[in-house]
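Here is the structure we will look at, set down as structure tokens.
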Amino acid sequence: MATKIFKHIQTSVVPLPIENIDTDQIIPARFLKATTRDGFGNNLFRDWRFDGDDNPKQDFVLNNPNYSGKILVAGKNFGCGSSREHAAWAIADYGFDAVVSSFFADIFKGNALNNGLLPVQVSEDFLKKIFDAVYADEHAVVEIDLVDQFIKIVATGEQESFEVNPYKKACMTNGYDDIDYILSKKDEIAEFESVR
Amino acid sequence: MGQTLFDKIWDAHVVSSSEGFPDILYIDTHFIHEVTSPQAFDGLRQRGLPVFRPKQTVATADHNVPTIDQHLPIKEELSRYQVDMLTKNCKEFGIELYGLGHPYQGIVHVIGPELGITRPGGTYVCGDSHTSTHGAFGAIAFGIGTSQVEQVLATQCLLQSRPKRMKIEVNGKLQKGVGAKDIILYIISQISAAGGTGYAVEYAGDTIRSLSMEGRMTICNMSIEMGARCGLIAPDETTINYVKGREFAPKGEEWDKAVAYWETLYSDADAAFDEVLSFKAEDIEPMITYGTNPGMGIGVTQHVPETASFEAKEQGSYKKALDYMGLHDDETLLGKPIDYVFIGSCTNSRIEDLRQVAEFVKGKHKADNVTVWVVPGSKQVQQQAIAEGLDKIFNEAGFPLREPGCSACLGMNEDKIPAGKYCVSTSNRNFEGRQGPNSRTFLASPLTAAASAITGVVTDIRTFLKEEELV
């Protein structure tokens, strides 16, 4: 099955300079009861975004009209904790195409890649530069190019290359799907089962 | 050059390996539950695919089931729908379901081992990060996302890059009152909630070796809390004795063959690890967390760190955590009043945990200000506890024994800690809102939780043990 294609984006960013953002914050467990993949964006960062009476918390960045864009920029160890893929669904459903951090938790990273949401791991220095740029100008634009594997702060021209698994890069830039790939090896699976 | 335990098991399960691609890894058993599977079954329907190996798939309902009156229909509509959906999907795709009311029902990471499904040398996955628990048997066990659940349902394989290998050794004699939960909370506090990211962690050393299977499961369970891809412990006599005779364990000739293979499962003396860490058992106190990730832990007699002791860029996140917890720099947790005690979860809900708590609380009673929930990990654990009379001890102590499920570990059912309240919990995560919106969690061992329930405040279990010469 074809999945979402990602090659290149250029957009303003949403800064969330908090470390160790776990998937319980991204999407609290009580919102995991849906049986489809849709609509999780409404509850993205639910308890940081809304108070107990469902009123928006004005001090949270997603409720600040000055910040918008398709890139979420967050502190290190983003996506730690539960394996819930609902976290990646919620971020993508809200409208983000990429998450930038100086460190990602493994399972989240894999889940994001499987949903056309690009996790971009940058150095601590470069992460700080992005935060500095967006706090100097909330409309600061960042460019992410998956094909050539670089991220750039457009206003200053500062850029850094990032790593991505070559297989997952091919999947994301072409819309390929893991299951199609494994099914293409079905004979090898049968062979493995027969000899063990 | 010798091989690590991890590499031996991995290599035995590689179906296909191509340069530039992740390996295709064969999965022996796939555990599924109601929360992370429905979208995967939908994916199969859209693709027109069957479940490739339904007999290697085991299902249970655990995450959002109630822990009282399980014989009645689930009251909460969305939970009921999700559990019903699991039943429907298992029926449609031919998967064995240990649902509510079944004698094998329970938390997925408790039932796999107790039924003898989890065995040394195997590969196990589940759409749940605490799948790392099964590594305690000397197995590779990963938590996976729902797209991967669909992948394994469709192919019995998982596409996965080989992680780096880390060895964590713990040697020496534990103090009285210190157990497996304290060991793992201590390790995570030393290396941080991200310290194991990218690694398969093998736990070794004589302290680890001295632990029961239940203790080893507690250790491996929390591997994910340091970010590790999985955790594992080489099988030995303790492992083999635990598996022997269980419902789905190999029998007769098959058993002898299996044991002969299991005895080859250890890291060779000259095996190379990418990282080796060593800790001394004597340095470990009963542990408690004070913050909002499992790396934020201290010995129960220590003080909460000062904000100024962190790098400038980390101070904002640190302060946010302390504010959430209602704590301040240099505070001591000893003597802090608490509201709830939760004894349960895939970390600490096995029969040994309940026996240990029962032995300690026998003849005591909980403090008036504390509500205690004891939630067994499975129906079998519950039945065993009742057979041993532990339920009576618990009742007399004000620790009612409930029915099995994930319960207040993540508050997907009714078992939620109210906003602002403090809970000493034997579970695995102290994230903001984990046990209910704005709840505050102190992670600790079953003994520390039980002692705190008796006194009504955060307590050093060792003060009791000195008086009683217990454990």
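Residue numbers start from 1 in every chain, and the chains themselves are labelled A, B, ... in the order their sequence lines are given, proteins ahead of strands. Side chains included, hydrogens not; waters and symmetry mates left out as well; all remaining heavy atoms used. Note that the structure is predicted; figures quoted are calculated from it, not measured.
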Exercise. For E19(A), is it the side chain, the backbone, both, or neither that has a heavy atom closer than 4.5 Å to a heavy atom of chain B?
Worked result: both
Exercise. Between atom CD of Q82(B) and atom OG1 of T35(A), what is the distance when rounded to the nearest 0.5 Å?
Worked result: 7.0 Å
For this session: Determine the minimum heavy-atom distance between Q39(B) and A34(A), stating which atoms define it.
Result: NE2-O, 3.2 Å
For this session: Just give me the residue among H63(B), E76(B), K416(B) that pairs up with chain A most often, heavy atom to heavy atom, under 4.5 Å.
Result: E76(B)
Exercise. Does a side-chain N-to-carboxylate-O contact under 4.0 Å join R434(B) and D47(A)?
Worked result: no
Exercise. Of the listed residues (S147(B), A12(B), P38(B)), which shares the most heavy-atom pairs with chain A below a 4.5 Å separation?
Worked result: S147(B)
Seminar exercise, completed: Expected contact set for residues 82-107 of chain A against chain B at heavy-atom separation under 4.5 Å reads S82(A), S83(A), R84(A), E85(A), H86(A), W89(A), F103(A), F104(A), A105(A), D106(A), I107(A)
Problem set entry | N20(A) side chain near M296(B) side chain, heavy-atom distance below 4.5 Å | no
Problem set entry | V149(B), part contacting chain A, at a heavy-atom distance under 4.5 Å | neither
Problem set entry | 4.5 Å side-chain heavy-atom contact, Q156(B) and I189(A) | no
For this session: Report yes if the side chains of K33(A) and M412(B) come closer than 4.5 Å at any heavy-atom pair, otherwise no.
Result: yes
Problem set entry | Atom group of K109(A) that falls short of 4.5 Å from chain B, counting heavy atoms | neither
Seminar exercise, completed: Of L78(B), L158(B), N413(B), T146(B), the largest count of non-hydrogen pairs under 4.5 angstrom with chain A goes to T146(B)
Problem set entry | Between SG on residue C157(B) and OH on residue Y181(A), distance to nearest 0.5 Å | 11.0 Å
Exercise. Hey, which of F52(B), Y318(B), Y26(B) has the most heavy atom pairs under 4.5 Å with chain A?
Worked result: Y26(B)
Problem set entry | Side chains of D22(A) and T292(B) in contact at under 4.5 Å (non-hydrogen atoms) | no
For this session: Select all residues of residues 146-168 of chain A having any heavy atom within less than 4.5 Å of some heavy atom of chain B, and report them by number, or 'none'.
Result: N165(A), P166(A), Y167(A)
For this session: With a 4.5 angstrom heavy-atom cut-off, could you sort out which part of E314(B) is near chain A: side chain, backbone, both or neither?
Result: both
Exercise. Where does S37(B) contact chain A at under 4.5 Å (heavy atoms): side chain, backbone, both or neither?
Worked result: neither
For this session: Among the options Y81(B), F41(B), F142(B), pick out the one with the most heavy-atom pairs lying under 4.5 Å from chain A.
Result: Y81(B)
Exercise. Which of the residues I18(A), I182(A), T23(A) is involved in the greatest number of heavy-atom pairs with chain B at under 4.5 angstrom?
Worked result: I182(A)
For this session: For residues C80(A) and M226(B), determine if any side-chain heavy atom of one lies less than 4.5 Å from a side-chain heavy atom of the other.
Result: no
Exercise. Contact part of S18(B) toward chain A, heavy-atom cut-off under 4.5 Å: side chain, backbone, both or neither?
Worked result: side chain
Exercise. With the threshold set at 4.0 Å, does a side-chain nitrogen-carboxylate oxygen contact exist between R37(A) and E150(B)?
Worked result: yes
For this session: Write out, in numerical order, the residues from residues 52-61 of chain A with a heavy atom short of 4.5 Å from a heavy atom in chain B.
Result: none
Exercise. In terms of heavy-atom pairs under 4.5 Å with chain B, which of D24(A), N115(A), N111(A) leads?
Worked result: D24(A)
Exercise. Can you check whether Q151(B) reaches L183(A) side chain to side chain, under 4.5 Å on heavy atoms?
Worked result: no
For this session: Evaluate the side-chain proximity of E34(B) to L32(A): yes if any heavy-atom separation is below 4.5 Å, no if none is.
Result: no
Exercise. Of the backbone (N, CA, C, O) and the side chain (C-beta and beyond), which part of R46(A) lies under 4.5 Å from a heavy atom of chain B, both, or neither?
Worked result: neither
Exercise. Distance-only, no hydrogens or angles: does the E225(B) side chain make a donor-acceptor pair with backbone N or O of G81(A) under 3.5 Å?
Worked result: no
Seminar exercise, completed: Answer key: most heavy-atom pairs under 4.5 Å with chain A among Q160(B), H13(B), Q148(B) is H13(B)
Seminar exercise, completed: By residue number, those in residues 122-144 of chain A with heavy atoms under 4.5 Å from heavy atoms of chain B are E124(A)
